[in-house]
Amino acid sequence: MTSDDDVATGHRPTGRAKGTLTSRETDFPQWYQEVISAAELADNGPVRGTMVIRPWGYAIWELLQAELDRRIKDAGAENAYFPLFIPESFLRLEADHVEGFSPELAVVTHGGGRLLEEPVVVRPTSETIINHSFAKWIQSHRDLPMIINQWANVVRWELRPRLFLRTTEFLWQEGHTVHASQEEAREFALCILRNVYIETMSEVAGIPVLAGHKTARERFAGAVQTWTCEGMMGDGKALQMGTSHELGQNFSRAFGIQYADDGGQLQYPWQTSWGVSTRLIGALVMAHGDDFGLRLPPALAPVEVVVMAVRDDAEVIRVAESLLSDLRAAGRRVRLDDRTDSGFGRRSVGWELKGVPVRLEVGPRDLGEGNVTVVVRHQRKKVQVRLAEAVAVVDEVLGRVTAELREEAVGFRDRRTVEVGGPRAAADVASTGFALVPWSDLGEEGERELADAGCTVRCLRRPDGGLAEASDAPDSLVAVVGRAY
RNA sequence: CGGGCUGUGGCGCAGCUUGGUUAGCGCGCUUGACUGGGGGUCAAGAGGUCCCGGGUUCAAAUCCCGGCAGCCCGACCA
């Protein structure tokens, strides 16, 4: 590397300026909307609360899907698909479940031009319809464990929609499992939490998460225990990024799932369910984005390296194409930007907004010296390197992006996390970040007080940050309190 | 459910108070030239049921009535 210059030129640190994003500090929600639009991630759909996921956003989702799917299958799951439409009566079979979801159901009352005898609901989640199948499939202890995952869309009617974070229809993965024992079910729920969710969020997306279990108030409708991953976004607010539930025997009793154990006795099995959604794309935007746009970890970047031809020049194009094929041969997702009829600044800004981790600028000036320019998105640094070293440098840079994004996010989160002693202090701290409060200082009454102040217990953990065991006394745990999306 | 606000080219807005030729502006788009290492400059263009229906008037984006849609705040829900 022969030089090392910051490229932060010509931007305004605050406020709105022509052609740039509103700064995160000025108005975070406004910035969020602008990034999603400018990076071409998504548009609003014509029906309120619906979302058009554009190619760049969908490509991110496909990469995330692939990472998750591989880990889910490693955990022993098989993929399947269940219907979008569920008989309304199914929802009513589990009391807490129906009570939890009723307000947000979309219900189809007409079909084929006539009133339906029994309305069907558009799935808000698939516990009921999948358990209907489980009841038919499971007879013997030899059928267990049953571990099924589905990739699907679900609908929960939302009154306050936000792209990716809270939309009426969204895409997700939902896993549903059946086990012979409570311990095995619990272990499995935790295995998904750790080996699939936390690992993907931290190692692949570079987003650190706090994990723990929900209070009774925040628990999934129908679950006996809900485990969660909570991330801190760039404005200090909490985002629930994934949940894994122990369902106990609630659904197996409601749907009559029974198996004969090895002694021939009929038993109700123990279940789990778990899911993450396109909301994770919102997390990616809010956890890593800066005032210049998205910053993507390479594993989730539809394009890891863009090779930009600065000029329409035969030698420039030749070198750019040669770098392109070298990088491709090295297994990188790479794209050539040779739209030299469009301004260089416009193109640079465009790739920056989209969060492409590395740009390789190939121009006559560099080539004259046998160099190319490497631009590192997450640090906004430009360095000139020898042409022959370019692929190796790109490789080195891409190799450290995710860890550096994660370190930055960890530092930010830790600076905004404070230990306090009661609900009032917790609410205060939660206005900018997370408060850690002993559950014994809070309790359900303190939890209500927090709700009045606009914040919630995101999860409960051991004082050392570990997950609680069943044997842990509730009063020995610590609550993570924050304002939530 | 209560209160407030807004509907005008693809997007964001002005015009409405005080009715009057051809409804403007920014961004985006098209074409061309000059440019070119961070949203460049200039020129020429395309693009409109002014939300819908009715009324007043010689004349309505503008005034009146009704409807529809959306947004914000509050309440409710979680």
Side-chain angles (χ1 to χ4, degrees), chain A residues 2-3 5-12 16-22 29-30 33-34 36-40 43-50 52 96-105 124-125 156-162 166 214-223 226 240 243 291-293 306-313 315-316 319-320 337-354 356 359-369 371-377 380-385 444 447-448 450-452 454-458 483-485:
Chain A
T2 57
S3 77
D5 301 308
D6 196 286
V7 287
T9 50
H11 84 279
R12 295 78 180 165
R16 177 190 264 280
K18 180 184 167 188
T20 66
L21 300 171
T22 296
Q30 179 67 24
Q33 285 190 301
E34 288 177 16
I36 285 175
S37 162
E40 299 177 350
D43 287 339
N44 281 306
V47 172
R48 181 178 159 75
T50 60
V52 177
D96 290 336
H97 195 63
V98 68
E99 192 186 328
F101 281 106
S102 287
E104 41 194 350
L105 290 181
T125 179
R156 299 175 185 179
W157 214 259
E158 286 293 347
L159 299 178
R160 300 217 184 284
R162 296 251 262 150
R166 187 173 287 270
K214 290 290 189 185
T215 62
R217 186 189 173 92
E218 299 286 327
R219 200 177 283 153
F220 175 71
T226 290
Q240 177 176 301
T243 48
D291 284 353
F292 302 91
V306 60
V307 180
M308 293 182 68
V310 173
R311 299 287 169 71
D312 185 14
D313 168 273
E315 179 64 3
V316 165
V319 172
D337 180 357
D338 59 356
R339 298 123 73 210
T340 47
D341 52 338
S342 180
F344 175 79
R346 171 173 298 269
R347 293 188 288 146
S348 301
V349 167
W351 292 119
E352 194 161 58
L353 284 165
K354 283 180 144 64
V356 172
R359 299 202 302 281
L360 264 186
E361 299 176 358
V362 182
R365 209 156 74 200
D366 282 334
L367 287 188
E369 301 164 0
N371 292 333
V372 293
T373 300
V374 177
V375 191
V376 182
R377 170 64 184 92
R380 301 192 81 247
K381 295 273 185 175
K382 279 191 183 185
V383 295
Q384 284 178 296
V385 303
E444 296 192 356
E447 203 180 359
R448 267 194 300 279
L450 288 173
D452 292 338
C455 43
T456 47
V457 175
R458 304 315 305 153
R483 301 176 71 88
Y485 272 99

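Any value given below was found using the heavy atoms of this structure, including those in side chains, with hydrogens, waters and symmetry copies removed. Below, chains carry the letters A, B, ... as their sequence lines are ordered, and counting in each starts from 1.
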Rounding to an integer number of Å, can you tell me how far [X] [atom1] sits from [N] [atom2]?
X	N	atom1	atom2	value
A:Asp337	B:G38	CG	C1'	13 Å
A:Met308	B:G37	CE	C1'	9 Å
A:Arg156	B:C77	CZ	C1'	15 Å
A:Arg380	B:G39	CZ	P	12 Å
A:Lys354	B:G39	NZ	C1'	14 Å
A:Asp43	B:G10	CG	C1'	11 Å
A:Leu21	B:G38	CG	C1'	14 Å
A:Asn371	B:G37	CG	P	18 Å

Checking contacts here: which listed nucleotide ([options]) is nearest the side-chain heavy atoms of [X]?
X	options	answer
A:Pro103	B:G36, B:G38, B:C77	B:C77
A:Val310	B:G39, B:G37, B:C73	B:G37
A:Arg365	B:G37, B:G39, B:G38	B:G37
A:Arg160	B:G39, B:A75, B:G38	B:A75

[atom1] gap between [N] and [M], integer Å:
N	M	atom1	answer
B:G19	B:C76	P	46 Å
B:U57	B:C63	C1'	10 Å
B:G70	B:G28	P	30 Å
B:G3	B:G45	C1'	48 Å
B:U21	B:A59	C1'	12 Å
B:C1	B:G67	P	15 Å
B:A61	B:G48	C1'	11 Å
B:A46	B:G10	P	16 Å

Handout entry: Quiz item: A:Arg359 side-chain donor-acceptor pair to B:G38 base, under 3.5 Å
Key = yes

Problem - B:G37 base / A:Thr373 side chain donor-acceptor hit below 3.5 Å - result: yes

Exercise for the section: Give a yes-or-no answer on whether the side chains of A:Thr22 and A:Gln30 include a donor-acceptor pair shorter than 3.5 Å. Expected result: no

Exercise for the section: Using distance alone, with no hydrogens and no angle criterion, decide if A:Thr215 and A:Glu447 have a side-chain donor and acceptor under 3.5 Å apart. Expected result: yes

Can you tell me the base-pairing partner of [N]? Count Watson-Crick or G-U wobble geometry only, both distances below 3.5 Å, and say none if there is no partner.
N	value
B:C25	B:G12
B:U41	B:A33
B:A60	none
B:G2	B:C73
B:U49	none

Handout entry: Ion pair check, A:Glu40 and A:Lys354, cut-off under 4.0 Å
Key = yes

Practice task
Could you tell me whether A:Gly343 contacts a base, only the sugar-phosphate backbone, or nothing, with contacts defined as non-hydrogen atoms closer than 4.0 Å?
Solution key: nothing

Handout entry: Sugar-phosphate only, base, or nothing, as touched by A:Ser342 at under 4.0 Å among non-hydrogen atoms
Key = base

Fill in the blank from the handout: Output for pair (A:Arg347 CZ, A:Arg359 CZ), nearest 0.5 Å, gives 10.5 Å

Handout entry: Six-ring centre of A:Phe101, A:Arg156 cation under 6.0 angstrom, axis tolerance 45°
Key = no

Exercise for the section: Output yes when at least one side-chain N/O atom of A:Arg346 is less than 4.0 Å from OP1 or OP2 of B:G28, else no. Expected result: yes

Handout entry: 5′-ward residue of the pair A:Arg311/A:Gly350 relative to RNA chain B
Key = A:Arg311

Practice task
Find which nucleotide of RNA chain B each of A:Ala451 and A:Gly345 is nearest to by heavy atoms, and output the residue with the more 5' nucleotide.
Solution key: A:Gly345

Problem - Pair A:Tyr485-A:Arg162, side chain to side chain contact (heavy atoms under 4.5 Å, CB included): steps then yes or no - result: CA-CA 9 Å; A:Tyr485 272 99; A:Arg162 296 251 262 150; 2.9 Å; yes

Exercise for the section: Report yes if some heavy atom in the side chain of A:Val385 is under 4.5 Å from a heavy atom in the side chain of A:Asn371; otherwise report no. Expected result: no

